[in-house]
Amino acid sequence: MYRFSRTVVAAALAVALGASSALAAEVKVALNGVLDPKVNAEAAFVKGLEDALAGTGFTVTAFPSETIGKESERFDMVSQGLIHVNLASVNTAFGLSPLVKGVQLPFFFQDAAEFDRVIAESALLEQMNEPLVSNGVRIAGFNYIGVAMGFHNTKTPVTKIDDLGSLRLRAMNGEQLKFMESLGAHGTIVAWSEVANALQTGIADGYMNPPNSALRTGHTDFLKYFTQANISPSTRLVLVSQDWYDGLSAEEQATIDKALEAGIAANRAWVDDWAALVLERQKEAGVTVSELAPGERDKMVERATSIYLDVLSEDDLAKYQAAVDSVRK
């Protein structure tokens, strides 16, 4: 069974840096959202991880959203070994590894399956990890929080690019803000914990996210319009404490590796199941679901391409392009 921990004090009881393997039998996992695999894709990862560790001597303690701190605080905790696995926003790694920014390039990957192939078959993940490992953190893989990302808003159906001009959309970071502005929308950076208030007060009219983000959080009380534009996979990081991992025996590391793979597989299975239900759930929540008119997505792709070099260096963009080209042959 999961054991819930709700304070930073509980995190401080975690394995200290350099602790022995005997003290590392507890795997502390932080995630975004509630610990319910029925509604949360990250909780599905945790369940898959726990099931894979059953009978191995490892147990899982899960920390749901913000029970031990916000995203930046959790990044510091995993780098110090206070938590062992952190399901994190991709932008938490940008400062140390700018190459990670390419994960969010709009319209760059054909779909989530292609992204998975690129990560599995190229050197990108290893290259992303080079500056992270020396800081005590490693990206073990990527979770999805739902199907591909589209446009949610409180005001109007979006069927063409010009419809975005009347909207102010919440951006997660500066990179996402550049993309929104390239499409003619207005943007404002708002922390996720403040999004509900921003939507209610008109600070923001919507955001880019997969459908289940609005459904899971209850934002469909305000966000009554959604357009699936297949902007990018709804990607988050699976971060592992490298110092904790290095303190495990080779056999224990192999066990953890398999469990992490099982967690990611459970996450993908959750998303596949959800994809068949999401449209019905949106309609039940009173959301009007629209499609882009013919040719409108192509216009968005053309404009998005113009900001790639604002997000990545020329060398880093070339690495992504080479990786994608290699799987499309």
Side-chain angles (χ1 to χ4, degrees), residues 2-17 19 24 26-37 40-50 58-98 100-101 103-104 125 128-129 131-145 172-173 175-176 189-196 209 213 216-217 234-247 256 259-260 263-264 267:
Y2 295 113
R3 287 169 291 152
F4 291 83
S5 300
R6 299 187 180 277
T7 65
V8 177
V9 173
L13 298 176
V15 180
L17 296 174
E26 183 180 31
V27 182
K28 295 180 179 289
V29 184
L31 68 151
N32 188 43
V34 297
L35 191 61
D36 184 351
N40 187 1
E42 292 198 8
F45 170 94
V46 176
K47 182 65 165 59
L49 179 80
E50 185 188 49
F58 286 100
T59 59
V60 173
T61 300
F63 299 84
S65 189
E66 298 194 10
T67 54
I68 55 168
K70 300 183 184 297
E71 290 276 6
S72 60
E73 296 166 332
R74 285 161 42 191
F75 187 90
D76 290 340
M77 290 178 188
V78 76
S79 70
Q80 297 170 45
L82 295 175
I83 55 178
H84 307 129
V85 179
N86 182 27
L87 307 183
S89 171
V90 294
N91 65 310
T92 59
F94 289 176
L96 292 174
S97 183
V100 180
K101 293 180 180 181
V103 168
Q104 287 191 318
L125 184 58
M128 291 178 199
N129 274 323
L132 292 174
V133 169
S134 60
N135 285 275
V137 179
R138 175 171 54 88
I139 301 171
F142 296 87
N143 264 335
Y144 296 132
I145 57 174
M172 177 173 64
N173 50 41
E175 290 74 23
Q176 201 173 72
I189 297 176
V190 179
W192 183 249
S193 60
E194 300 298 324
V195 166
N209 252 327
S213 291
R216 174 173 54 83
T217 57
S234 55
T235 313
R236 283 173 63 85
L237 302 177
V238 179
L239 292 175
V240 172
S241 169
Q242 190 63 36
D243 295 296
W244 165 74
Y245 183 85
D246 288 342
I256 293 297
L260 291 168
I264 291 171
N267 170 264

Donor-acceptor check, side chain of S213 to backbone of N209, threshold 3.5 angstrom: yes or no?
no
The criterion is side-chain contact (heavy atoms from CB on, under 4.5 Å); which residues satisfy it with E194, sequence neighbours excluded?
V190, A191
Minimum side-chain heavy-atom gap Q104-T235 below 4.5 Å
no
Got a sec, which residues hit side chain to side chain donor-acceptor pair (under 3.5 Å) with D246, two or more places apart in sequence or on another chain?
Q242
Hey, does L35 have a side-chain heavy atom less than 4.5 Å from the side chain of N40?
no
Counting only N and O atoms by type, is there a donor-acceptor contact under 3.5 Å from the side chain of S241 to the main-chain atoms of V78?
yes
W244 vs H84 aromatic rings, parallel, tilted or perpendicular, using cut-offs 30° and 60°?
parallel
State which residues pass salt bridge (charged side-chain N to carboxylate O under 4.0 Å, His left out) with R236; sequence neighbours excluded, sorted by chain then number.
E42, E71
Nearest heavy-atom pair of S193 and K70: which atoms, and what distance?
OG-NZ, 3.8 Å
Note: P37 and A43 closest approach over all heavy atoms is N-CB, 3.6 Å
Keeping the roles fixed (side chain from T92, backbone from S89), state whether a donor-acceptor pair exists under 3.5 Å.
yes
Test side-chain contact (heavy atoms from CB on, under 4.5 Å) applied to A140 - qualifying residues, sequence neighbours left out:
R138, V238, V240, L260
What's the shortest heavy-atom distance between I139 and N129, and which atoms?
N-OD1, 2.6 Å
Which is it for N143 and L237 under the side chain to side chain contact (heavy atoms under 4.5 Å, CB included) test, yes or no, and what are the steps along the way?
CA-CA 6 Å; N143 264 335; L237 302 177; over 6 Å; no
To the nearest 0.5 Å, how far apart are CD1 in I68 and CD in E73?
9.5 Å
Under the side-chain contact (heavy atoms from CB on, under 4.5 Å) rule, collect the residues that match up with L96, sequence neighbours excluded.
F75, L132, N135
So does P64 get a backbone contact from the side chain of N32, meaning a donor-acceptor N/O pair under 3.5 Å?
no
Could you tell me the separation between the NZ atom of K101 and the CG atom of N91, rounded to the nearest 0.5 Å?
10.0 Å
Closest heavy-atom pair, A30 versus R74, reported as atoms and distance to 0.1 Å, is CB-NE, 3.7 Å
Determine whether N173 and V90 make a side-chain contact, defined as any pair of heavy atoms from C-beta on separated by less than 4.5 Å.
no
Does the pair V60 and V46 meet the rule for a side chain to side chain contact (heavy atoms under 4.5 Å, CB included), with working shown?
CA-CA 8 Å; V60 173; V46 176; 4.1 Å; yes
For the backbone of Y144 and the side chain of N267, can you confirm whether one donor and one acceptor N or O come within less than 3.5 Å of each other?
yes
What verdict does the side chain to side chain contact (heavy atoms under 4.5 Å, CB included) test give for E50 and F45, after you've listed the backbone C-alpha separation in whole Å, the side-chain angles of each residue and the deciding distance to 0.1 Å?
CA-CA 9 Å; E50 185 188 49; F45 170 94; over 6 Å; no
Which pair of heavy atoms, one from E26 and one from K28, lies closest together, and at what distance?
OE1-NZ, 3.2 Å
Side chain to side chain contact (heavy atoms under 4.5 Å, CB included), that's the test. Do Y245 and V133 meet it? Break it down for me.
CA-CA 11 Å; Y245 183 85; V133 169; over 6 Å; no
Separation between CG (N86) and OG (S79), nearest 0.5 Å, reads 10.0 Å
Residue list, side-chain contact (heavy atoms from CB on, under 4.5 Å) with S72, at least two apart or on another chain:
none
Would you say the side chain of M128 lies within less than 4.5 Å of the side chain of V103, judging by non-hydrogen atoms?
yes
Close side-chain approach of V85 and I83, heavy atoms under 4.5 Å
no
Do V29 and L49 have side chains that approach each other closer than 4.5 Å (heavy atoms only, starting at C-beta)?
yes
